[in-house]
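First the structure, in the form of structure tokens, and then the observations on it.
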Amino acid sequence: MFHLGWFLGDSTGIHKWWGEWSSTNGMDWMKPDIYVDLATSLERGGFDLMFIEDTAMIEDTLGGTMEITLKYGEMVPKNDPMPYIPLLAQATRHLGLVGTVSTIQYPPYLAARQAVTLDHLTEGRSGINVVTSVSHRVAQNFGYDQHLAHAERYAMADEWMQVVSALWESWDPDAVVLDYDEPRYADHTKVHPINFEGRYFKCRGPLNTIPGPQRRPVVAQAGNSTPGRELAAKHADVILALCKNPDEMKALRQDFDQRLVKHGRKPQDLKILFMTIPVVAETDEDAQEIARRLAAKRHDKDEIEMRLWGMSYASGGTIDYLKYDLDGPVPQEIGTGETTTAKAWLENSARKTLRELVTGPFNYGMDFVGSFDTVAEQMGEAMEVAGGDGFLVYQPMTRHHIIGITDGLCPALRKRGLIRSSYEYPTFRENLLAF
Ligand SMILES: Cc1cc2nc3c(=O)[nH]c(=O)nc-3n(C[C@H](O)[C@H](O)[C@H](O)COP(=O)(O)O)c2cc1C
């Protein structure tokens, strides 16, 4: 069996708001409804988690202006995802809910306390996706002139995780006494200041709230570069990975097994979820036809501009792809942002034109195209080779696609015994680590 997660890549922001199946997304993206529909569908489908992206800025790298960003609604408007988590917990009973927290946006005390509060409110189903933020524009909203260099971001994130982890441990498991006769709420000898002093953070502690049902909320991480892998191997329960085929997936799993052991953990302590954007339909022909139409659309002006926008964003705001001739060679710099994503997109592009690259396949994880049964079969085969832990399903955020996955693909996976048919445990981490 393997796990399923949903990557809400547009976060609690605007989703596909024009074109087929976009429904009332343009007007209603901020309302609870689409998120509640998504969460309840995911639970019906047997998903372990919903993973909510976040980025706090309005980009202006492409063309040196916010014009294209605001024209299409690229990563903006976007609400803060955290307040949606208790709301989604109310609508569901088992689904893990992971909100993104940037190490340059949140002081560790604030993040540790918020995550524990959410763990209480969700009764043990909360998690944080720890990111370092990739764009100068985010950094500039939080007091920096420029974002830090890639390696330093990760050094800071490691220290941030040390502080947050120490705060989560600042109350001993038996600190709360709740003795009504004496009366005594907690034993003060079992609540400890952490007195952390590092290069980036200083925090006295202890946390001013008691541990939640999971004690340590689930920690996710998404950077796949070497420092990203190290951060995940030290601190995370789940990593989101970009691999194109089962052999790459297998190699990544083996790499993590070694890193985990090096950091005194067990390979089974960390799950890898592999990104995929499956195209599914009732028959193989229908799915192939959808894939053909999507491929043809990639030549539209708006699709090209959005793709260039995405590449500029992934470069960390360092490359304005509008400066390059669409029919000239693809610039080969990786940039300083999402380096793994940028590498995946630029792979084998040295002999292509920029137009060929941006009108070509999206290259964001594993591609599956076919009927529900065909894709279920292929996913099972890929996991068999990879020995991996599951898939993270992404895009497009329309109810049509959601239902295709949760009510079309998931039953086909369940029929083959590939995904869960119930949730065994009360908390998110227990379910995530159950197999
Ligand atoms: C699937 C995926 C999801 C991500 N989600 C976010 C996010 O929500 N917010 C953010 O600032 N960065 C996000 N990132 C960026 C990563 O957390 C990481 O900072 C970035 O990829 C740079 O790391 P790398 O060079 O190790 O790949 C995401 C990356 C990937 C691949």
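Each ligand, and each atom within it, is numbered from 1 in the order the structure gives.
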Atoms of ligand 1 close to [X] [distance to a heavy atom under 4.0 angstrom, numbered from 1]:
| X | answer |
| --- | --- |
| Ser225 | 24 (P), 25 (O), 26 (O), 27 (O) |
| Met275 | 1 (C) |
| Thr100 | 7 (C), 8 (O), 9 (N) |
| Tyr154 | 18 (C), 22 (C), 23 (O), 24 (P), 26 (O) |
| Phe7 | 3 (C) |
| Val134 | 19 (O), 20 (C) |

Sub-4.0 Å heavy-atom contact, Ser133 with ligand 1: yes
When you look at CD of Glu347, are more than 12 heavy atoms from neighbouring residues, nucleotides or ligands closer to it than 6.0 Å? yes
For Arg113, does the CZ atom have more than 12 heavy-atom neighbours from other residues, nucleotides or ligands under 6.0 Å away? no
For ligand 1, is any non-hydrogen atom under 4.0 Å from [X]'s backbone (N, CA, C, O), its side chain (CB onward), both, or neither?
| X | result |
| --- | --- |
| Asn224 | backbone |
| Thr340 | both |
| His150 | side chain |

Taking the six-membered ring for Trp, are the ring centroids of [X] and [Y] within less than 6.0 Å of each other?
| X | Y | answer |
| --- | --- | --- |
| Tyr109 | Phe201 | no |
| Phe362 | Trp345 | yes |
| His3 | Phe435 | yes |
| Tyr35 | His15 | yes |

Considering only protein heavy atoms, which is closest to [atom], and at what distance to one decimal place?
| atom | result |
| --- | --- |
| atom 19 (O) of ligand 1 | Thr132 OG1, 3.4 Å |
| atom 22 (C) of ligand 1 | Gly337 O, 3.3 Å |
| atom 14 (N) of ligand 1 | Glu338 OE2, 3.6 Å |
| atom 13 (C) of ligand 1 | Val131 CG1, 3.6 Å |
| atom 25 (O) of ligand 1 | Thr339 OG1, 2.4 Å |
| atom 5 (N) of ligand 1 | Asn129 ND2, 3.9 Å |

Taking the basic N atoms (NZ, or NE/NH1/NH2) and the acidic carboxylate oxygens, is any pair closer than 4.0 Å for Arg416 and Glu377? yes
Can Glu305 and Lys301 be counted as an ion pair, charged N to O under 4.0 angstrom? yes
Do any N/O atoms on Asp54 end up under 3.5 angstrom from N/O atoms on ligand 1? yes
Does the side chain of Tyr364 reach to within under 4.5 Å of the side chain of Tyr394, using non-hydrogen atoms? yes
The single option from Lys16, Met397, Lys78 that satisfies side chain to side chain contact (heavy atoms under 4.5 Å, CB included) with Asp10 is Met397
Hits for salt bridge (Lys or Arg N to Asp or Glu O under 4.0 Å) against Glu152, two or more places apart or cross-chain, chain-then-number order -> Arg199
Have a look at Ala222, Gly223, Gly365 and point out the one with the heavy atom closest to atom 2 (C) of ligand 1. Ala222
